[in-house]
Visitor: 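Take this structure, written in structure tokens, and hold onto it; I'll ask about it next.
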Amino acid sequence: MSEPAAQPLLASATRAVRTLEDLGDPLPADVTARLSTVGGSTSDAERSREVEQLLRPFVLIDARIDEQGLTMCTPGAAPPRLVQHGWRSFLVRVANPHRIEAELFAMNKGVYGVIDHVSHAARIALHDSLTSVPRIKTAWLEAKIAASGVLSGLEVEYKVISLYSRDSGALPGGLMLGVADRHNHHSLSRSPEGVAGFRTSFEDRDHSASFEFECAPARDIQFDVREPDGSSCMAAITVRDAQGRSYPSKGMRLAPDMFFHEHVYRATGEVIRLPDGPYEISAARGPEYRPVRFEATVDSGTTTIPIPLDRWIDPASHGYYSGDPHIHAGGCSHYSVPTEGVTPETMIRHVRGEGLWLGSVLAWAPCYYHQKQFFSGKSISPPAELEYPDMQEAQGMTWVPRPTDRDGESLLRYDVEVSGFPSSHSGHVILLGLTDQDYPGTSIIEDWPSWNLPIMRWGHAQNALVGYAHCGIGLAVGTDELPNYLIPSFQGIGSNEIIVDVPLGAADFQCGTQFAPAAELNIWYHLLNVGYRTLMLGETDYPCIYDEGPGVGRTYVRLAQPPQGAQALEAWITGLREGTSYFGDGRSHVFDLAVDSNLSREHTAATPGPVRVSATVAAWLPEQPPPPSTGRPVYSAPMGWHLERARIAGTRSVLVEVLVNGIVAATQELPADGNEHEVAFDVTLQNSSWIAMRILRSVHTQPIFVEIAGQPIRASRRSAQWLHDSVDALWKAKSGFIRDTERAAAREAYDAAQAIYVTRRDECEAD
């Protein structure tokens with residue numbers, strides 16, 4: 001066989017050597033220097049031989065691709081030395097005499113089917129079972145092609161493979177390279193064996209490279225997480241090496257560590273196993289804390305790394321207690337079997353790590369039958385234990401969970417989201433505070449009603465708080481105006497049927513803070529404008545819409561006592577129904593919204609005239625907009641709520657707005673400096689009205705209702721007409737999904753809602 005052309009070979013080798021350097025495993029300086037001087041007056045063949053001779057000692061795998069795209073791998077000359085819980089990178093020499101252009105990926109004997117560009121490779125490849133201990137135990141090695149895995153069609157080129165070892169000691173392992181059609185990249189990620197153009201002979205031992213790896217041990221590093229008052233707690237901790245790789249490896253995680261997180265949740269005294277080296281560490285406990293970031297080096301003298309948290313606001317000191325009414329333990333991004341998901345012992349760790357007082361864990365269709373076992377009709381605060389000890393022992397998770405001083409401040413309550421049920425087309429219903437999870441007369445979810453009103457009434461019969469999830473989905477109309485009068489298509493799973501349920505007394509709230517405010521708040525504003533007391537809550541839908549963590553959207557309720565014990569959620573719900581609350585992203589807060597110094601939700605006045613609207617407002621932004629984050633994203637979603645989106649350009653300030661009947665009546669710029677500011681506005685009411693305060697895209701209060709001269713709030717004929725006409729649009733979009741046996745009752749309910757809107761329209765005092 002002729003020597004490969006020198007110039008393209010040298011270019012490929014140089015790129016690979018630079019990749020090794022970027023990954024923290026550079027070649028010796030003299031080798032790099034000699035590589036840079038290859039050339040001169042020597043022949044093309046001599047230059048090629050010189051490149052090959054220089055790099056041969058650092059090649060871990062020699063791979064040859066035949067005319068069918070099958071790869072044959074043999075061990076190279078590089079010593080197969082790895083480090084536990086760390087990455088090591090090596091050269092791969094690829095002989096490609098048939099000049100196949102394809103995508104190169106890495107696999108290993110422990111986790112068959114691993115693909116280089118999927119960071120959570122081991123999780124994808126593990127068998128769909130929660131009892132696969134033998135497979136987990138053997139899946140100690142993660143392999144991926146670093147940088148570009150695209151083969152350019154050269155006869156010989158160099159790539160870089162990175163290897164991660166979960167374990168230490170002398171370990172046998174096999175490595176294999178495969179190729180795939182570049183145009184099927186995404187399909188390959190999901191199912192390599194079934195993709196056209198995929199070629200592997202991994203099951204044939206003759207085609208894999210076998211090694212005896214020497215894996216140096218890593219160290220268990222304790223994290224001493226502390227609140228500003230010195231108390232112990234749980235926090236979200238992100239550990240990255242100089243190449244930006246997260247620890248522990250996302251591909252090797254089991255609950256409570258999630259492969260879709262950059263961070264892990266650790267309590268004071270708990271550990272992460274790290275190899276020696278420098279790291280960037282960041283920590284926070286939800287948006288009420290400034291992120292803590294620092295550099296640390298792990299070496300033989302390192303046993304503990306202190307994590308002093310930096311809390312900038314404590315709503316509980318004002319009597320406000322946070323909750324996320326919409327999180328899941330299964331069915332979405334969860335590892336292993338989504339239809340089963342994780343246990344309360346994992347969910348409480350996540351809720352504590354985000355500084356939430358309450359998390360409503362909702363069973364929905366994909367995980368309903370498994371997760372309903374955790375429903376008790378009570379709030380619980382379980383110990384944050386490792387939930388599957390045999391699996392975790394097989395995975396090398398030997399650290400011991402630790403209790404903290406703040407554990408009792410966080411509770412879970414298991415309830416239901418009616419999602420993936422026959423009525424889901426009408427909007428996903430959330431039922432909070434149920435005493436019974438099974439709809440009467442049903443044995444499977446397919447037996448449930450095909451529209452929501454009967455479900456809402458059943459929830460109310462249990463004194464549950466009932467409403468709608470992710471309210472804005474399908475309700476955007478191409479404008480940011482609030483309120484607006486464009487009729488949406490109702491083609492999504494937002495709070496569709498709420499416009500029928502509210503006038504019939506069957507819905508209490510909708511949830512948002514996930515998408516554009518105009519899509520989420522418009523129905524709410526219209527319902528308030530015709531006199532309804534509908535609530536709005538902040539939610540996350542973790543980890544379905546957002547998998548960053550619980551509490552991306554949250555709701556704060558003012559209570560005389562912290563929500564504790566078996567009836568914690570019921571106390572929180574009572575506060576929602578009767579008292580003061582607000583919702584948002586937790587980066588800004590509005591405490592004690594009052595009209596004429598009165599915090600009550602309901603006010604009366606004898607005559608029109610001025611009122612004083614006051615509150616204590618606090619917000620925190622960094623002095624300058626942050627650069628793109630290497631840890632948690634600055635923005636939680638492309639269209640979601642985040643205080644950074646409220647920043648007045650060129651300043652550290654945001655705009656506080658007072659609303660009267662959904663219209664901005666007064667504004668004030670507020671420095672987002674983390675301090676509490678007393679704000680007050682004088683506004684004039686002409687008619688019975690609702691009043692609220694907001695920082696758009698960050699925080700919004702529940703309204704205060706002011707009835708003048710005994711007249712109910714009827715603020716807008718246009719709102720009443722919009723609601724009436726929207727019922728027609730809703731029926732057009734959704735009636736075909738309602739069972740024939742239920743459609744007549746649904747039509748009757750829709751007609752009744754429209755009749756109520758007509759009556760309220762005629763009672764309105766203004767257009």
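FYI, the numbering just counts along the sequence from 1. In this text, all values refer to a predicted model and were calculated from it rather than measured experimentally.
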Visitor: Carefully, step by step, assess R352 and S381 under the rule side-chain hydrogen bond (donor to acceptor under 3.5 Å, both in side chains).
Guide: CA-CA 10 Å; R352 288 173 182 154; S381 186; 2.9 Å; yes
Visitor: Can you confirm if the aromatic rings of Y582 and H700 lie within a centre distance of less than 6.0 Å?
Guide: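 Judged by ring-centre distance (under 6.0 Å), H700 and Y582 do not meet the cut-off.
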Visitor: Supply the atom-to-atom distance W458 CH2 to W448 CH2, rounded to the nearest 0.5 angstrom.
Guide: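 One gets 4.0 Å once the value is rounded to the nearest 0.5 Å.
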Visitor: Side-chain contact test, heavy atoms from C-beta onward, threshold under 4.5 Å: evaluate it for V416 versus V429 and give yes or no.
Guide: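 Not in contact.
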Visitor: Excluding sequence neighbours, so at least two apart, what forms side chain to side chain contact (heavy atoms under 4.5 Å, CB included) with N463?
Guide: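 N463: side chain to side chain contact (heavy atoms under 4.5 Å, CB included) contacts with R577.
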Visitor: Any donor-acceptor pair under 3.5 Å linking the side-chain atoms of N496 with those of S426?
Guide: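 Per modelled atom types, S426 and N496 side chains form no pair under 3.5 Å.
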Visitor: Looking only at heavy atoms, which two atoms of P325 and C511 are closest? And how far apart?
Guide: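 Looks like CG-SG, 4.0 Å.
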Visitor: Just by modelled atom types, is the G640 backbone N or O under 3.5 Å from a matching donor or acceptor in the R697 side chain?
Guide: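 Judged by distance alone, yes, a pair lies under 3.5 Å.
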Visitor: So P344 and V361, do their side chains get closer than 4.5 Å, heavy atoms only?
Guide: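 Side-chain contact under 4.5 Å: no.
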Visitor: Indicate yes or no: at least one non-hydrogen side-chain atom of L723 is less than 4.5 angstrom from one of V727.
Guide: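 L723 does not reach V727 side chain to side chain.
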Visitor: If I compare all heavy atoms of I473 with all of I545, which pair ends up nearest, and what's the gap?
Guide: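 Scanning both residues, the minimum pair turns out to be CD1-CD1, 4.2 Å.
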Visitor: Would a line drawn from the ring center of F490 to the ring center of W731 be shorter than 6.0 Å?
Guide: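 Centroid distance F490-W731: not below 6.0 Å, so no.
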Visitor: I'd like to know whether E763 forms a salt bridge (charged side-chain N to carboxylate O under 4.0 Å, His left out) with R760, so could you lay out the CA-CA distance, the side-chain angles of the two residues, the decisive distance to 0.1 Å, and finally the verdict.
Guide: CA-CA 5 Å; E763 294 171 350; R760 295 208 172 196; 5.2 Å; no
Visitor: Evaluate the side-chain hydrogen bond (donor to acceptor under 3.5 Å, both in side chains) criterion for residues H642 and R587: first the C-alpha distance (whole Å), next the side-chain angles of each, then the deciding distance (0.1 Å), finally the verdict.
Guide: CA-CA 8 Å; H642 195 294; R587 294 173 180 86; 3.3 Å; yes
Visitor: Under a 4.5 Å cut-off applied to non-hydrogen side-chain atoms, are H428 and H326 in contact?
Guide: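 No; the side chains remain at least 4.5 Å from each other.
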Visitor: Donor-acceptor pair, distance only, cut-off 3.5 Å: does the side chain of T534 make one with the backbone of W524?
Guide: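 It does not hold such a pair.
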Visitor: Quick one: salt bridge (charged side-chain N to carboxylate O under 4.0 Å, His left out) partners of D415, sequence neighbours excluded?
Guide: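 For D415 the salt bridge (charged side-chain N to carboxylate O under 4.0 Å, His left out) partners, ignoring immediate neighbours, are R413.
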Visitor: Any side-chain donor paired with an acceptor under 3.5 Å for E602 and S600?
Guide: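 Short answer, no.
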Visitor: Do Q462 and T435 meet the criterion of a side-chain donor-acceptor pair at a distance under 3.5 Å?
Guide: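 There is such a pair (donor and acceptor under 3.5 Å, judged by atom type) between the side chains of Q462 and T435.
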Visitor: How about Y320 and F591: are their ring centres within less than 6.0 Å of each other?
Guide: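 Distance test on ring centres: under 6.0 Å, yes.
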Visitor: When rounded to the nearest 0.5 angstrom, what is the spacing between CG in L537 and OH in Y468?
Guide: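 So the CG of L537 and the OH of Y468 are separated by 15.0 Å.
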Visitor: Counting N and O atoms only, with roles assigned by atom type, does the side chain of S689 sit under 3.5 Å from a partner on the main chain of N687, one being a donor and the other an acceptor?
Guide: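 Indeed, once roles are kept as given, a pair shorter than 3.5 Å links the two residues.
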Visitor: Provide the closest heavy-atom pair for V342 versus A255 in the form atom of the first, atom of the second, distance.
Guide: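 Closest approach of V342 to A255: CG1-CB, 4.1 Å.
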Visitor: Does some side-chain heavy atom of V660 sit less than 4.5 Å from a side-chain heavy atom of L685?
Guide: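 They are in contact (side-chain heavy atoms under 4.5 Å apart), so the answer is yes.
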Visitor: Rounded to the nearest 0.5 Å, what separation is found between the CD1 atom of I691 and the OG1 atom of T701?
Guide: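 It comes to 10.0 Å.
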Visitor: Hey, is the main chain of H425 close enough, under 3.5 Å, to the side chain of E497 for a donor-acceptor pair?
Guide: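 Absent.
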Visitor: Quick test of your reading of the model: are D751 and R747 salt-bridged, counting only N-O distances below 4.0 Å?
Guide: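 Between R747 and D751 there is a salt bridge, with a charged N closer than 4.0 Å to a carboxylate O.
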Visitor: Less than 4.5 Å apart, any side-chain heavy atom of D725 and any of Q721?
Guide: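 Heavy-atom side-chain distance check passes, below 4.5 Å.
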Visitor: Can a donor-acceptor pair be found, under 3.5 Å and without considering hydrogens, that links the side chain of E539 to the backbone of H470?
Guide: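 Between the backbone of H470 and the side chain of E539 there is a qualifying donor-acceptor contact (under 3.5 Å).
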Visitor: Okay, side chain of Y750, backbone of A745: is any donor-acceptor separation there less than 3.5 Å?
Guide: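 No, Y750 side chain to A745 backbone: no donor-acceptor pair under 3.5 Å.
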Visitor: In Å and rounded to the nearest 0.5 Å, what is the CG to CZ distance from L599 to R558?
Guide: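 Here the rounded value is 5.0 Å.
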Visitor: Please tell me whether E288 and H589 have a donor and an acceptor in their side chains that are separated by less than 3.5 angstrom.
Guide: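 No donor-acceptor contact under 3.5 Å links the two side chains.
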Visitor: When you measure from the side chain of S317 to the backbone of D314, do you find a donor-acceptor pair of N or O atoms at a distance under 3.5 Å?
Guide: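 A pair under 3.5 Å: yes.
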Visitor: Is it true that R349 and E354 have a side-chain N and a carboxylate O under 4.0 angstrom from each other?
Guide: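 Not counted as a salt bridge, because no side-chain N and carboxylate O are separated by less than 4.0 Å.
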Visitor: Could you tell me if the side chain of R457 sits less than 4.5 Å from the side chain of L504, heavy atoms only?
Guide: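 Of all side-chain heavy-atom pairs linking R457 with L504, at least one is under 4.5 Å.
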Visitor: For the side chain to side chain contact (heavy atoms under 4.5 Å, CB included) test, which of P315, P562, S410 pairs with W357?
Guide: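 Testing each of P315, P562, S410 against W357, the sole residue satisfying side chain to side chain contact (heavy atoms under 4.5 Å, CB included) is P562.
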Visitor: Below 6.0 angstrom between ring centroids: does that apply to Y321 and W572?
Guide: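 Y321 vs W572: aromatic centres not under 6.0 Å.
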Visitor: Please check: side-chain N/O of N522 versus main-chain N/O of A518, any donor-acceptor pairing under 3.5 Å?
Guide: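 Checking the backbone N and O of A518 against the side chain of N522, no donor-acceptor pair under 3.5 Å is found.
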Visitor: Does the Lys NZ or Arg CZ of R285 fall within the cation-pi geometry relative to Y265 - under 6.0 Å from the ring centre and within 45° of the axis?
Guide: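 No.
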Visitor: Answer with yes or no whether the side chains of N661 and Y525 bring together a donor and an acceptor at under 3.5 Å.
Guide: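 No.
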Visitor: Given side-chain hydrogen bond (donor to acceptor under 3.5 Å, both in side chains), test D324 with T540 step by step and report yes or no.
Guide: CA-CA 7 Å; D324 188 336; T540 299; 2.5 Å; yes
Visitor: Any side-chain heavy atom of Y542 within less than 4.5 Å of one from V552?
Guide: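 Heavy-atom side-chain distance check fails, nothing below 4.5 Å.
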Visitor: Answer with yes or no whether the side chains of W722 and N484 bring together a donor and an acceptor at under 3.5 Å.
Guide: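 No pair is found: no donor N or O on one side chain lies under 3.5 Å from an acceptor on the other.
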Visitor: Do F421 and Y439 make the cut of ring centroids closer than 6.0 angstrom?
Guide: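 Aromatic pair excluded; centres sit 6.0 Å or further apart.
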Visitor: Counting only N and O atoms by type, is there a donor-acceptor contact under 3.5 Å from the side chain of T604 to the main-chain atoms of E707?
Guide: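 Looks like no, no N/O pair under 3.5 Å.
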Visitor: State, to 0.1 Å, how close W364 and G331 come at their nearest heavy-atom pair, and which atoms those are.
Guide: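 Here W364 and G331 meet closest at CZ2-O, 3.3 Å.
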Visitor: Going by an N to O cut-off under 4.0 Å, is there a salt bridge joining R717 and D767?
Guide: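 Between D767 and R717 there is a salt bridge, with a charged N closer than 4.0 Å to a carboxylate O.
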Visitor: Would you give the length of the straight line joining atom CD of Q510 to atom CG of L475, rounded to the nearest 0.5 angstrom?
Guide: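 Taking CD in Q510 and CG in L475, the distance rounds to 8.0 Å.
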Visitor: Between D438 and K372, is the salt bridge (charged side-chain N to carboxylate O under 4.0 Å, His left out) condition met? List the steps.
Guide: CA-CA 9 Å; D438 294 308; K372 72 197 302 277; 3.2 Å; yes
Visitor: Check whether any side-chain N or O of S719 sits under 3.5 Å from a backbone N or O of A715 as a donor-acceptor pair, and report yes or no.
Guide: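 Flag not set: sc S719 to bb A715 has no pair under 3.5 Å.
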Visitor: At their closest point, which heavy atom of P517 faces which heavy atom of W641, and how far apart are they?
Guide: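 Shortest heavy-atom separation between P517 and W641 comes out as CG-NE1, 4.0 Å.
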Visitor: With side-chain hydrogen bond (donor to acceptor under 3.5 Å, both in side chains) as the test, would you mind laying out the steps for E548 and H261 before giving the verdict?
Guide: CA-CA 6 Å; E548 177 184 348; H261 286 159; over 6 Å; no
Visitor: Search all heavy atoms of Q711 against all heavy atoms of S688 and return the closest pair with its distance.
Guide: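 Residues Q711 and S688, closest heavy atoms: O-OG, 2.7 Å.
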Visitor: Could you tell me whether the side chains of D762 and T759 share a donor-acceptor contact shorter than 3.5 Å?
Guide: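 The criterion, which ignores hydrogens and geometry beyond distance, is not satisfied for T759 and D762.
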Visitor: Measuring centre to centre across the rings, with the benzene-like ring taken for any Trp, is H526 within less than 6.0 Å of Y485?
Guide: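 H526 vs Y485: aromatic centres under 6.0 Å.
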Visitor: Just verifying a value: how many Å separate L362 CG and C367 SG, rounded to the nearest 0.5 Å?
Guide: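 Interatomic distance, L362 CG to C367 SG, rounded to 0.5 Å: 9.0 Å.
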Visitor: Could you tell me whether H603 and F705 have their ring centroids closer than 6.0 angstrom?
Guide: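 No; F705 has its ring centre 6.0 Å or more from that of H603.
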